[in-house]
There are 2 protein chains.
Amino acid sequence: MEQDQLSQVFAALADPTRRDIVARLAVGDATVSELAEPYEVSLQAVSKHIRVLTEAGLLTQRREAQRRPCHLEAEVFDLMTKWIERYRRQAQERYERLDAVLAELQDAENESHRTNQGAAS
Amino acid sequence: MEQDQLSQVFAALADPTRRDIVARLAVGDATVSELAEPYEVSLQAVSKHIRVLTEAGLLTQRREAQRRPCHLEAEVFDLMTKWIERYRRQAQERYERLDAVLAELQDAENESHRTNQGAAS
DNA sequence: TTCCTAATCAACCGATTAGTTGAGTAGGTG
DNA sequence: CACCTACTCAACTAATCGGTTGATTAGGAA
């Protein structure tokens with residue numbers, strides 16, 4: 001099923017084993033067996049995880065005799081970061097703007113207490 | 001099943017409809033019906049999406065008569081950003097380090113062509 | 001050639017997911 | 001009160017997911 005890359009990337013990283021694989025590949029390239037070694041699941045299961053990560057564009061595999069070393073592709077992370085930062089910042093700004101508005105209202109109220117008494121609450 | 005928050009957050013954002021809901025909530029709070037309005041899916045389906053986002057800690061709901069306005073919680077985004085940045089930076093640095101090493105090797109080669117001094121640091 | 005290693009493919013299984021419809025609940029309004 | 005609105009809950013379904021085992025492919029070594 002053709003899915004947009006952002007969905008694929010998020011889905012790929014929703015699995016702790018796959019995040020773990022990414023963490024290991026951040027240190028350096030590794031073969032499928034090397035990546036599978038720490039887990040008690042089958043090599044085929046790890047191979048599937050690698051396929052998911054590859055299809056999401058998070059890693060690539062080259063050929064080295066029978067081995068297929070995996071390499072982390074850092075660029076895709078930017079796609080996520082961009083999406084996240086966009087909405088985080090927007091929400092944050094809105095929150096700060098609300099804060100400012102509330103502060104202004106407070107100032108206005110304080111003002112009316114000094115000049116005019118009988119402000120509504 | 002109890003799942004770690006990072007997995008829940010990534011899984012929640014792996015769905016385009018849910019990312020869309022987050023995008024809308026970044027602009028301002030909205031009720032369930034307001035959020036459901038643009039989609040052709042049922043209100044119940046949207047309600048479920050909201051539950052997923054809520055359980056991931058991405059949003060909260062308050063009560064306002066019969067309405068349950070949703071509010072985006074920006075803090076959770078930091079959890080993701082931290083994770084992403086950690087490994088992105090690590091991979092990037094490794095890449096740049098490799099670049100530097102290759103450049104050094106190139107320099108050393110050029111150097112040895114002219115004189116005969118090593119350039120390792 | 002035969003054998004070993006590294007990895008993928010194929011088929012299956014149980015659990016989860018995204019959707020559905022129908023019923024129930026909480027809180028106004030006539 | 002009855003009735004409407006705004007949801008959530010419950011049960012079901014089809015599709016996907018993470019895992020399994022067994023067979024197969026690709027390449028190197030004896």
Side-chain angles (χ1 to χ4, degrees), chain A residues 1-25 28-72, chain B residues 1-25 28-72:
Chain A
M1 276 293 153
E2 277 287 312
Q3 226 190 163
D4 64 295
Q5 190 173 19
L6 206 44
S7 294
Q8 284 189 85
V9 174
F10 278 126
L13 295 178
D15 185 283
T17 305
R18 284 195 293 257
R19 280 202 306 279
D20 215 57
I21 289 173
V22 167
R24 282 198 69 208
L25 288 174
D29 295 3
T31 66
V32 179
S33 337
E34 279 166 0
L35 289 170
E37 197 268 322
Y39 314 104
E40 357 69 78
V41 299
S42 66
L43 182 74
Q44 289 94 319
V46 174
S47 181
K48 274 192 184 182
H49 281 310
I50 288 166
R51 206 168 73 89
V52 172
L53 289 165
T54 304
E55 279 170 0
L58 278 158
L59 57 89
T60 51
Q61 278 178 290
R62 64 180 188 284
R63 184 121 209 176
E64 212 169 73
Q66 312 102 303
R67 268 147 264 117
R68 281 162 181 81
C70 301
H71 173 78
L72 191 63
Chain B
M1 271 292 156
E2 277 286 313
Q3 228 190 161
D4 64 294
Q5 190 173 20
L6 205 46
S7 295
Q8 284 190 83
V9 174
F10 278 127
L13 295 178
D15 186 283
T17 306
R18 284 196 293 257
R19 281 202 306 281
D20 215 57
I21 289 173
V22 167
R24 282 199 68 210
L25 288 174
D29 296 1
T31 66
V32 179
S33 336
E34 280 167 359
L35 289 170
E37 197 268 322
Y39 314 105
E40 359 67 81
V41 298
S42 67
L43 182 73
Q44 289 95 319
V46 174
S47 181
K48 274 192 183 182
H49 281 310
I50 288 167
R51 206 168 74 89
V52 172
L53 290 165
T54 303
E55 279 170 359
L58 278 158
L59 57 88
T60 51
Q61 280 178 291
R62 63 181 188 285
R63 184 120 210 175
E64 212 170 73
Q66 312 102 301
R67 267 146 265 120
R68 280 160 181 81
C70 299
H71 173 77
L72 191 63

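Every heavy atom of this structure was used, including side-chain atoms; hydrogens, water molecules and symmetry mates were not. First the proteins, then the strands, lettered A, B, ... as listed; each starts at 1.
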Q: Report yes if the side chains of B:E34 and B:C70 come closer than 4.5 Å at any heavy-atom pair, otherwise no.
A: no
Q. To the nearest angstrom, how far is B:R19 atom CZ from C:dA18 atom P?
A. 12 Å
Q. Do any of residues 51-67 of chain B sit with a heavy atom less than 4.0 Å from DNA chain D, and if so which?
A. B:Q61, B:Q66, B:R67
(Q) Check whether B:T31 reaches the backbone of B:P69 with its side chain - one donor and one acceptor, N or O, closer than 3.5 Å. (A) no
Q: Tell me what B:T17 touches on the nucleic acid: a base, only sugar-phosphate, or nothing, going by heavy atoms under 4.0 Å.
A: nothing
Q. Closest to the A:K48 side chain: C:dC9, D:dG18, D:dT8?
A. D:dG18
Q) Between A:H49 and D:dC17, is there a side-chain N or O to OP1/OP2 distance below 4.0 Å? A) no
Q. Would B:R19 and A:D4 pass as an ion pair if we require N to O under 4.0 Å?
A. yes
Q: Can you tell me the distance, in whole Å, between the CD1 atom of A:I21 and the C1' atom of D:dG18?
A: 12 Å
Q.
Tell me the interatomic distance from A:Q44, atom CD, to C:dA10, atom P, rounded to whole angstroms.
A. 14 Å
Q | Within-4.5 Å side-chain heavy-atom neighbours: A:R68 and A:R62 | A | no
Q: Could you tell me whether a side-chain N or O of A:R51 sits under 3.5 Å from a main-chain N or O of A:L53, the two making a donor and an acceptor?
A: no
Q: Kindly give the heavy-atom pair with the smallest separation between B:Q5 and B:A56, and that separation in Å.
A: NE2-O, 3.1 Å
Q.
How many whole angstroms separate atom CG of B:L43 from atom P of D:dC9?
A. 13 Å
**Q.** Residue whose nearest DNA chain D nucleotide is more 5′ - A:S42 or A:R68
**A.** A:S42
Q: Measure the spacing between CD of A:Q61 and OG1 of A:T54 and express it to the nearest 0.5 Å.
A: 5.0 Å
Q: Identify which nucleotide among C:dA23, D:dG18, D:dG22 has an atom closest to any side-chain atom of A:D15, counting heavy atoms from C-beta outward.
A: D:dG18
Q. Given atom CD of A:Q3 and atom P of C:dA18, what is their separation to the nearest angstrom?
A. 10 Å
Q: Using whole Å, report how far CG of B:L35 lies from P of D:dT8.
A: 11 Å
